[in-house]
Every structure is written in structure tokens, then in C-alpha cells.
Amino acid sequence: MKLGFTEAEEAFRVEAATWLTAALSGPFADVRGVTSLVEMPERRREWEKYLAASRWSCIGWPAQYGGRDATLAQQVIFAEEYARAGGPPRLNHLGIELIGPTILAYGSDEQKARFLPAIANGDHIWCQGYSEPGAGSDLGGVRTKAWREGGDWVIEGQKVWTSLAQFCDWIFVIARTDPESVGSKGLSFLLVPMDQDGVTVRNIVQMTGESEFNETFFDAARTDAANILGEPGQGWGVAMALLGFERGVSTLGQQMGFRNELDDLIEAARANGSAGDPVIRQKIAQAEIGLRLMRYGALRMLTASADGGSNPAAFTYKIQWANWRQSLGELAMEVLGQAGEISDAHGEYAFSRLPHLFLYSRADTIYGGTNEIQRNIIAERALGLPREARTRAK
Amino acid sequence: MKLGFTEAEEAFRVEAATWLTAALSGPFADVRGVTSLVEMPERRREWEKYLAASRWSCIGWPAQYGGRDATLAQQVIFAEEYARAGGPPRLNHLGIELIGPTILAYGSDEQKARFLPAIANGDHIWCQGYSEPGAGSDLGGVRTKAWREGGDWVIEGQKVWTSLAQFCDWIFVIARTDPESVGSKGLSFLLVPMDQDGVTVRNIVQMTGESEFNETFFDAARTDAANILGEPGQGWGVAMALLGFERGVSTLGQQMGFRNELDDLIEAARANGSAGDPVIRQKIAQAEIGLRLMRYGALRMLTASADGGSNPAAFTYKIQWANWRQSLGELAMEVLGQAGEISDAHGEYAFSRLPHLFLYSRADTIYGGTNEIQRNIIAERALGLPREARTRAK
Amino acid sequence: MRFAFTDEQAMIAETATDLFVGEATSERTRAAMADGSGRDVALWDSLSGTGFVGVHMPGDVGGSELGMVELAIIAEAAGRQVAAVPLIATQAALSALHADGRADLIERVLGGQVATLALAGGLAPHGTIADLFLIEQDGGLVVADRDAVDVVAGTTMDQTRPLAQVTLTWAPIATLSAKALDAAKHTGWIAVAADALGGAQACLDRTVEYVKERQQFGQTIGGFQAIKHRLADMMVEIEQARSAVYWAACAVDEGAEDAELALHSAKAFAADAYATCAGAMIQLHGGIGFTWEHDAHLFFKRAQADRTLFGSSAQHREAIAQIIGLGAIAA
Amino acid sequence: MRFAFTDEQAMIAETATDLFVGEATSERTRAAMADGSGRDVALWDSLSGTGFVGVHMPGDVGGSELGMVELAIIAEAAGRQVAAVPLIATQAALSALHADGRADLIERVLGGQVATLALAGGLAPHGTIADLFLIEQDGGLVVADRDAVDVVAGTTMDQTRPLAQVTLTWAPIATLSAKALDAAKHTGWIAVAADALGGAQACLDRTVEYVKERQQFGQTIGGFQAIKHRLADMMVEIEQARSAVYWAACAVDEGAEDAELALHSAKAFAADAYATCAGAMIQLHGGIGFTWEHDAHLFFKRAQADRTLFGSSAQHREAIAQIIGLGAIAA
């Protein structure tokens, strides 16, 4: 058990930090410090390509597909330095952290050759088509269907909460390819180009006033017959494996964003004097503890994963960060008081980071599997408790 | 809507207070301020008789059975004055507040004449035989059985958590009289004398070191065939009706005990300086609010009940006080600090009121229907949500 | 002692509920949010017309001669529909004016004007559309017309109750006593607490309705124990909030000794319960509860606004700590 | 960077677990509780014999030359069985003696003696049976033999760790530096946090086992969502506590900059998690969990003791508030 880094690793840190600082104070100074997922999408697409040009876009990937075969320690260091340098949210997060590793694990050599370099070099930005209206966290309830027609898959249906779909080139879709099937059987995992008449994206306005999420409609949308990951009808397994990659090194990048939020809160508390209130101090200290423990929980997961195993902390990570962030939003409003409810925006419904966090973080305990689903997963898969009983459907 | 009392009611208050103060500073000064349910049982039995001799034992009952036909306001006032005067826990609480009203509602004229005066005058102290080992909060899982033999019911089985059974004369028992039945069908509500060879009481030592609860064994115990409340097989309905009386005027007496506990805690906080700690102040204030709201919730229930109706607050009362008291126990230890974990008892496992509360209150969320059962009841009966699904039994 | 509505109070509750359900629809509320005023003008006229605004004012100045219980009943009904009306501050202001016998100003308000109340360190609700400004100053209140104040507003999180920073820039038209300030606070606290109670109850009712319909994992989600128990916990909070609001209202009407304690309890407890229930409402609705299109966020934002308007929950609890004899905070 | 046990550490964990599961049985622990000592003498001898007591001491004084990670592994295994041994304070005392190079006293302890540690304002764990007393005084520690202290004990809630008030009444045999005091605290905090982690995990494991067997309402109660979710919440807390304990242990072993922060985090978080889990254990066991006969109360009481030993959770959080730059408490 060792938390420190070797000298060679620290040298890598210097290399990464130097490059990132130069890039983000030079040609990409304009995206430095961006925190919103929807801000400056075109410049962030250029940033993806710029990272790729120096092989910094996906360092954990194999070199043959654009990565550096980086060790876990190197990936941890890069994530830390990326955040420290003020790098913006990665527009191709889903491509690099989720679908890329899934293609590496489940794709044919042709699929790897076709898709991975385009993700690595920033040509293909990806989004996710899992949830549907009426089947939020219930992947088994998917009603989008697909069938073979000539050399294509044809897709009909509707997905929802397709984060950032308006900026994306490709979407991975879970569709029912066996019309007789129910639940997790008979689903397939399809890779679908967004730029076609059969695909329409419509914004969903959130309670924050922004649109990060979308509804995506498939109306006889098409993709080549080869663009299926795994066998037809085996999509559930691929979909679940993909979700496993969500707990990768990118969690450390996410945590650096949380760090910034907590730092903002501490600054606000110092500015308005509430930092001197013992009640607030207790809560801020608890938030600080929670943030640190997320980091060390992630290091436990990552170490286990690098060893080819898994760690029980992985089951608890989603609910842990979601609850932490929602509590932080509530604490932020306690610190800001009534003044936090009013912004100097006129006409527009827009708030600064902390009040925005208060509103936005209500979604954290819902998307990507609600807290209720997360608790079921922990109870059933980690603790081995019996599966949920079902009442009769009406 | 009116919270105040009339002049006539205030005059009644003076009458009650005067009598109680005289009694508890005169012949019963020794039981004044007793708070433990198990302390001085013989003297508290005499106290029941003394109350009865002046018709103060069950003022809400009809005069013909030893009561005063007191109005709701009078009952509220008496409960307050009883507590203010330092009256000890009523040894015959279950007789006067639960089984008495149930006999009034379900008993034949013969049963009323036989049982009620003996309860009113303190001759019969009662306890409750509902829970069984292996069927704690699951009354439908009762396995104690009873059958007719000659002019008697014969009872075989075991009850648990029979509070104060060691001091009691009679027990009301839910037993299965239809051997073919399952669940809530086929149960009967029997009244059984304790003083017979067929009934054995064994103490259960609790985590506090005391024994308030017992196991009670029925080994061919007998009771007269007439001692059944309601028809054979209809015991479930009687049992449920009895539980409804738990939210009667006696809740106000219970709350005066809570008041004393909170006062002790406030005094401890003042004594050791923690009353000046803003974190502790917030928690004590929240406890004060919670206690007050219990009182006004009880007044809503009681008013509705006097009007012959019911109030939704009644569904929430049990979980409300149980959670309040458990939180108070935790707060007490926070106030006392490490010093609260050590007592000046030597050899004996005994603590003063607040540390004792910390331990004892763990049972509050369990007995009389766990919090989980209470939430089910609220969800299903008050909110009309679907009944619990069942997984297959192993 | 009778802690239940009288027949007359039950009738007022029914009338108020009908009025708000009929008029304070999602569409009309959203229109009032969108235009930046946070006021549904037609609804405000209805409230003035039925005597609901001046429910607690004496008859000789045009009021309904009723008390805090009736005022709470109306505020609860308004809260249940997250109605966009400047009711709370206007009613609080009326109490202050009444305490100092300012019939002239009461009549202006009962004639349809909007009053607002800015306590020390706080913002003024509906300040941008107010006609009469009551501002805490030197232990009492000053009363000013619109042309005597500077109003700075921005975007408010709860668009049904836009907040503004108001500063006196010219001579006030009246100065009110400390007693008037207390009266304004007391009415304000009861009204906010009742608004919160109504809102919390609506969160519960609407969520219960939703989970009874919504199917997922092959069943009605209202059958899942985790959902049932969370709804049960909401009800436990709400029933306590209900006791708190009407205890406080009665205590003020009856001049009870524990009125101060009741007021602080009601404001702190009901506002916190509302926040809990509105958060749960979003969670139990899943993704849809997080959209602009669904009304859940109106409740959520109003709950937050109720928590901070006229003193935070922590401040009210600290006031209780002092009342119950915890002494001063240790240095 | 590798945040997982080495093979050697995994082996120590296995050995320690086997030892405590084998020896610290409910019967033996209850015997140690009943005689008032809170010490299972045979188990204490085993711990001394295997080198577990001096795991963190150098080889030249008879220690095992290992660090805080290994010490935490042993304390976790002890906590998992609520073992009745004076391990925590003895190990904390050893760290203090080592910091000031008192090989003579270390040897006494490693020879089987019991040491205890009384921080300012705190009670001494196992004070009634201790041979060597380390008492905080003037920013450092004084060390005294039994005949130089007055020991006042009563009944302790957690009978596996009886507490005593100790007062120096005669000349100490040594005075230790501020550095030694720090070393004692650091080891003490890690040991308590690890004890709490082990206890919390045991509460979860035993309760999971129970609810898988227990039948009620015609089914295994482990199938009820309310029970499943509460157990899931316990696991969420425990996994964080585990990260905290081993982060702190590593940070001290590696001399990391964030070691102070890690220590306070581990002590506060793990002890609170234990209290939560032990409370849930009683609740989910129902009536039986509340009896003397069942072991649930041993965990519950030890959780409370872990929370207050060597500083309360609130005190540790306040220390963190200062470290992260919140400045002083406002007057």
C-alpha cells in the first residue's frame, strides 16, 4: 500500500503540466476554466484535436489507436494536472472513457480500426442512447426497435437524456432487435451516425434554465449492418460492461471539478463571514472529508482494476458522489443565504456557479441510475440480498 | 380552532392539581418523580387503588364503571397536571388506556360488568400478549393456539415482549383458534388470568441491563369460555381496534415524561457549558420544536377522536415520537461527551437518566410496530399506495 | 380547547382552495413568472375582491375581521398551488399598519395596492412591482412610496416571488413602532409557514398521484417499498408542519404565552419540511421532475425561498434556544 | 501509487483475522466484561506473543518494524470481533515512548504490561488495569507508574473498554515531549478509526447474514427494499471509512503533507460510520437486537466509545475547518 509517486512518475507530471499549461495559457486560453458542459462546444472540439495531435487525448489507450499505454499512476497524474491547469470538460468524454474502452473489449479488429482512431483524434464525438421516456432507469423496458433491411440496421424509437447530443457525430443505442423479447433479452448494441435525416435531436430545458440533455428521435434511421457491438441480442451485456467503465480514471477529473466547487463555497463563506459560524464549519469540514474520501475510494477502485480485479468501493461510488454534490449544493445556499437566490442576470434565467449547483445537483441522484437503483445494485450484487419482489402491474 | 381552556376547565385544573399535589407530597411522596417502568411496583399498585378511591384512575370512562365521563379538555388537563405533580408511570396503563376501552367497545354487558370495575379500582393489572418469537411485528404470523375444552379455552404457545408481565393479573392474548387458518384469519382475542400453573413468565434482560420485557409461556393455560372478546376467529379486528386506542389521552402523559428528559438534557448542557455551543443549540432547539409539535399533533388527534372522526396525524404519531426520543438520546450523549459513558455505579450496570435514554431509546423504533412497519401503514392506509410485494419464502 | 377547524373555517378553506385551484393554474403562474413580475394580476384582483388580502383587518377599514388561523388557511391554499401573488408581504405589511392604527395606508392596500416588507439584511419580495415599501430601520419600520426608494432587482431563483434590494432614498411617508415591526414579522412568519405547509402537501399529493400511475420494471412504482417509505416520511414531516402552523396561528390569535416560541417553530419547521418534500418530489419523479416543463421545480424553488424569507431556519432555531433558556453563545 | 494491500499486508490481515475470530469469541469477551477488567488476559498474551502489540516498534526494542498500515489492519481485526483488549491505548503509548527514544519503557510494555493514555479532559481506557499511565500535561505527556496515580472508575457503558479518571498524585517516572504527544495521538486516532471500521463491517456482515435467514410476513426479510437499502447505505459509509483509515495510515507512514487532515478525517468519519451501522444493526434485528443476550449492543456501545475516545467527531471536524483555512470561529 503506497500513495506516493516515484521519481519517474513525478517527471511525467512535470511533462504533462508543462504541456497543459502552455496550451491553456496559449492557443486555448479561451477555454481555460470553462466548467459548463454546454459552453463553447466548437472550441472544445478543436481542443480535443489539439490534445490528440500531441497524444494527450487518451493516454490510457494502446499506442496503436492513438494512446500512450500509460500506467495507472500516469493516468492519475494526468487527470490531476489537467484539472489543475483549468482544462475544460472533455467534449468527447463518452467516446474516450466509455465507448472507446467498450469497443476495445467487445469490438472486432475492423471495428477497432474504424472507430478508435477517430475517437482518439477528435473526429468523432459520441453520445449515449440508453434511457427512454417511460423507462428511465429501467433498461429492460427499452422499446426502441431495430431490424435488418438489406445491408443496414433500421432504427425506430426515441431516447431521452441523450447528454450533449446536439454536438455529437455518433450515438450508441440499445435497441430491441428481437420483437418477441422482453426485459434484458433480445437487445442489441448499435453504433449509429447522427448526421442523417432519420435522427432528430430536440432540447430538453432543465430546471436550471439550460439545455444539456435532449430527446433523440429515430425515424427509420440507418446504420451499416457491421455497426453492432457484440452479437445481435447480446446488447445487454455490452451495455452493462460499458457502465463499468464509468468508474475509470475520469472520476478523478470529475473530482477536480468538485474541488473547485468546494473551493468556491469556502471562499463565499469566508467572504460573507459564515466561515466563522461553528454550524457551517462542521458542514464544510464534512464536505472536505467527503471529497477526500472520494479520491481515495477512486484510487482503491483504480488499483484493483489495474490488477485485473475489482474493489467493493466501486459499487458505492455513484451514490457517494451524487449525495456529496447534492449536499454541497444545499450547503452552498445555506452559506449564501437569501442573497444566493438573486443573480445580476436580467431577463435571462442564469445563476453563478454555487446557486446553479444547488439546482443542477438534483439531477445527480437521478441520471446514470437513480439512488434507489444504486442501492438495489449494492444490496443485490455486493451484499447478495434477494432480488426485488414485484407487485402486479396494473 | 381554539387552544385555550374555559374558566370551568381551569377550575377543574385547580381541583385536579390540588388533589394530586396533596397525594404526591403526602401518602405517596415516595413514588413521586419515579420514572422507571419497573421501579416500586407494589407501591404503584397501591397508588392505582388510591387514585381509584377518589375516582381519578380513569376519568374518561363512563361513571358506571368507575370513571367521570370527563370531557376531552378535562382529560387533557388531568394528564398535564398528573405529570406536573410528578406522578409515577401508571402500572395499569394497558388496562385503563387499551384493554378497558376495547372491552367498552367490543365486550358484552357481562364482560363489561366483570372486567371494567376491577381495572378501574386497581384490582386487575393487565399486560399484552401480541408479539411472538419469530413474528415480532407480524401479527399475522401468530402461532400460539387455543381450543375449547369443556367450559374453557386452553392456550398453548409463547409470547414475547410482554411488558411488565411479572406484575400483572391478566393478559390479553391473540391466539389461533382455527388450526387451518393462516395470516389474520382464524385468530381470537382471549382474556387470560396470569395466576395459574399454565402461565410462566421469564425475564428478558435488555441492553440497558434492566428487565422490563418478558417472555410469557402458555402451557395448557386456561381461561373461562366466556373470556373472549368478539367472536372466535374475529380477533384480528379487535386487536387492531385496541392498537387505535394507543393514541389516546395517555400520549400527553407520555409527552410530559419526554419533557422531563429534555429538561434534564438542557440542564446538563447548561451545567457543562455545551449550551453555549451553536451546534448544540440548534439541535436542542429542534428537539424543543419536535416536542411541542407532538403535543399539538396529539391535540389534533384527540379533538378529531372526540368528534367521532380521525385525523391523519394519528398515522404518523408513533414514528414521530420514536424518532424524536432516539434523537434525543443521541443528542444527550453529544452533550454529555465521554463523561456520559461512565456512571458512579459500582458492580451494577446502571446509568442515570440521559445515558439510559440513549440505550433504551433504541427499542422505541422497534416495539409497538417497527419504524418500517409504521411507514408501510402510513403509505398503504393513509396514502393509498399499493400493498407490499412479497418475494418467495425460502 | 378544540384543535380543529370550525365550520366557518372549513368553509373558508374550501373557498380558498377552489379559488386557487381554479385560477392559479400552471399556465397562469408561468405567465406571471415569464413577464418578470411574479404577479398574476387577475388572481390578485380576485384575492382583493373576496377580502382574502385583508382577511385579518378590522371591518371598519374594509377587512374581514378574522384572525391568523384564517390568514394561514388562505396562505396554505396559495402555497398549495405555488400561486404567483404578492400576498405574504402585503399581509405582513397590513399587520404593521394596523398595529399603529394607520387606517389611511391600510385602505390604500386594501384598494388593491401591493405592499412589501424588507427586514434588516433581507430582500423585499415582489419589490419590483410594489407600491408601498415597509423597511426595517432603527428597531421599527419606515414606510415609503415607490418614488422614495431605490429598487435593484435581478433574476430571482423563485420566479413566483421576485426579490429586490430596496434602499430608502427620499423621505418616508410614515414611521412605525417596534410593535408594528413585531406585528409584521408575526404575520409574515405565519404566512410563510402556511405557504410552505401548502406547498409541502402539494408535493406529497402530486407525487403520490404520479407513483400510482407510473409503471417501471413491470409494476407501478408506488409499490416499491423505498418509494412508499419516502412518501411516508414526507407525511410525517407535513403533519408536524400542520400542527406547527395552526399552533402558531392560534397562539397569536389567543395571545398565548408561548406565541413567540410557536412562531419561530412554525417558520423553521414548515420551511424545512417543504424543502425536504420538494427535493423528494423531484427525486421520485425521476428525469421528468428535473425539467422546466414539469412543475416540480416551482415547488422546489419556492421552498428554498420560504426558507430564507424573513429569517433562516437556523436563525429561528437560535431564537428558540434563547427563549428556552440556553443563555448566550459561548465566545 | 498502489492503494491496495501488499501480499505481506494481506497475510497479516489474514493472520490477525484468524486470531481474533478464534480467540475473541462472544463468550470470552463477555467474561472479560463481567469481571470488570475489560481484558481477555489470554488474548492479550497472544497479541503480545505474535508481536501484534508492538507491530509498529523497531526491531531492536522487540517490535515488528512495521508501520501504521499494519497497525490499522490489526486494530480493524480486533474491532470486527469487539475484542476486549487494551490494545489501542497501549499502542498509542508505545508511539509516544518511541518518539522520545524511551527504549526502557517500551520494553516494559512489550513484555506484556498495559499502558493507557489520558488526553486533556479525557478518561483513560482500561485505566483500572493499566501498569503505565501517560497523561497529557503542559503540551506534552507525563509517564507514571500505578502507585503514582489516583484511579477513579465506575461502571462504563462499553464494558470491553472500561474508562477511568486518572490523576497524578506522586512523581512521574518520565516526561515526554510535544512530539511524543503528537505521536500518541496519531497512533491513537488511527487505531480507533480502524477499530470502528472493523466494527462497522461486522455490523453489516452480521446483519446481512441475519436478514437472509430471518422469515417474516411469509418471506425472507432481506428481500424487503427498505432493509436492502438501509444495508446498502451502511456499505456506502463503510467503504468511505475504509478509504479514510488506510489513507491516514499511509499518509503517516509516508510522511505526506495531508497527514493531519487524513488523521482527523479518519477518526471523525469512521467513528460516525460505526455508530450509524451499529444503530442500524439493532433496528434491523428487531426485538432480539435489543437484548443483552445478543451481541448487537456490544457493537453499539463500542461505537459510542470510539466516537468520544481521543476527541469527539465535532472536535476533529473543527480541526479540519482550521486546516482548510476557515479561520477562527466568529465571536
Side-chain angles (χ1 to χ4, degrees), chain B residues 131 133-138 140-141 160-161 182-183 204-211 213 277-280 326 330 333-334 336-351 355-356 358-360 362-367 370-373 375-376 388-394, chain D residues 33 36 121-123 152-159 161-165 212-227 230 275 278-279 282-294 296-298 300-301 304-305 307-315 317-318 329:
Chain B
S131 292
S137 294
D138 178 14
V160 74
W161 315 119
V182 289
I204 299 172
V205 182
Q206 299 150 217
M207 62 186 277
T208 56
E210 305 161 319
S211 295
F213 298 118
D277 174 350
V279 177
I280 297 290
Q326 198 163 85
E330 289 169 5
M333 294 311 285
E334 205 175 330
L336 296 172
Q338 197 182 32
E341 292 165 36
I342 191 168
S343 88
D344 47 17
H346 289 272
E348 202 189 354
Y349 196 81
F351 292 91
H356 177 267
F358 171 65
L359 297 176
Y360 185 90
R362 303 316 299 189
D364 289 335
T365 54
I366 295 172
Y367 72 74
T370 63
N371 274 12
E372 289 75 20
I373 298 290
R375 290 191 183 98
N376 274 355
E388 209 51 47
R390 298 277 180 276
T391 56
R392 204 88 344 123
K394 291 181 63 166
Chain D
M33 287 160 57
L123 300 166
V152 180
T155 296
T156 298
M157 193 176 276
D158 171 15
Q159 295 172 296
R161 194 193 289 150
L163 299 169
Q165 179 81 49
K212 283 180 182 170
E213 291 304 320
R214 167 79 166 169
Q215 304 279 323
Q216 225 174 344
F217 306 100
Q219 70 163 76
T220 305
I221 65 170
F224 285 114
Q225 208 179 33
I227 290 181
R230 188 139 181 198
I282 292 176
Q283 182 68 25
L284 297 184
H285 276 77
I288 189 77
F290 180 65
T291 60
W292 190 270
E293 169 193 7
H294 195 278
H297 72 105
L298 307 192
F300 184 76
K301 292 165 182 175
Q304 174 60 26
R307 265 182 139 174
T308 56
L309 185 62
F310 305 150
S312 71
S313 300
Q315 287 166 334
R317 281 192 294 266
E318 173 56 31
I329 293 175

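In what follows, chains carry the letters A, B, and so on, assigned in the order in which the sequence lines appear, proteins first and then strands, with residues in each chain numbered from 1.
Counting heavy atoms from C-beta on, the side chains of D/Phe290 and B/Phe213 come closer than 4.5 Å. The side-chain heavy atoms of B/Met207 and D/Ile282, taken from C-beta on, include a pair separated by under 4.5 Å.
Neither the backbone nor the side chain of D/Ser312 comes within contact range of chain B; no heavy atom of the residue lies under 4.5 Å from a heavy atom of that chain. For chain D, the nearby part of B/Glu348 is the backbone; its heavy atoms alone come within less than 4.5 Å. Interface remark: B/Asn371 contributes backbone and side-chain atoms alike to the contact with chain D (heavy atom separation under 4.5 Å). Looking at D/Arg307, neither its backbone nor its side chain comes within 4.5 Å of chain B, counting heavy atoms on both sides.
Shown here for B/Pro355 and D/Met157, the closest heavy-atom pair between the two residues is CB-CE, 3.7 Å. In this structure, B/Ile342 and D/Leu123 approach most closely via the heavy-atom pair CG2-CD1, 3.8 Å. Contact detail for D/Ile288 and B/Trp161: the closest heavy-atom pair is N-CZ2, 3.7 Å.
Side-chain N or O atoms of B/Glu372 include none that pairs as donor or acceptor with a backbone N or O of D/Ile227 at under 3.5 Å. Distance alone, capped at 3.5 Å, places no donor-acceptor pair between the D/Lys301 side chain and the B/Leu359 backbone. D/Gln304 places no side-chain N or O within donor-acceptor distance of the main-chain N or O of B/Glu341, the cut-off being under 3.5 Å. D/Thr155 places no side-chain N or O within 3.5 Å of a backbone atom of B/Ala350 that could act as its donor or acceptor partner.
For B/Phe351, the ring-ring contact (aromatic ring centres under 6.0 Å, His included) partners at least two apart in sequence or on another chain are B/Tyr349. Judged as a ring-ring contact (aromatic ring centres under 6.0 Å, His included), and not counting sequence neighbours, the contacts of D/His285 are D/Tyr210, D/His294.
Remark: B/Arg362 CZ to D/Gln283 CD distance equals 7.5 Å, nearest 0.5 Å. Between the CD atom of D/Glu318 and the CG atom of B/Asp277 there is a distance of 9.5 Å, given to the nearest 0.5 Å.
For the set D/Ala164, D/Gly122, D/Ala305, the count of heavy-atom pairs under 4.5 angstrom toward chain B peaks at D/Ala305.
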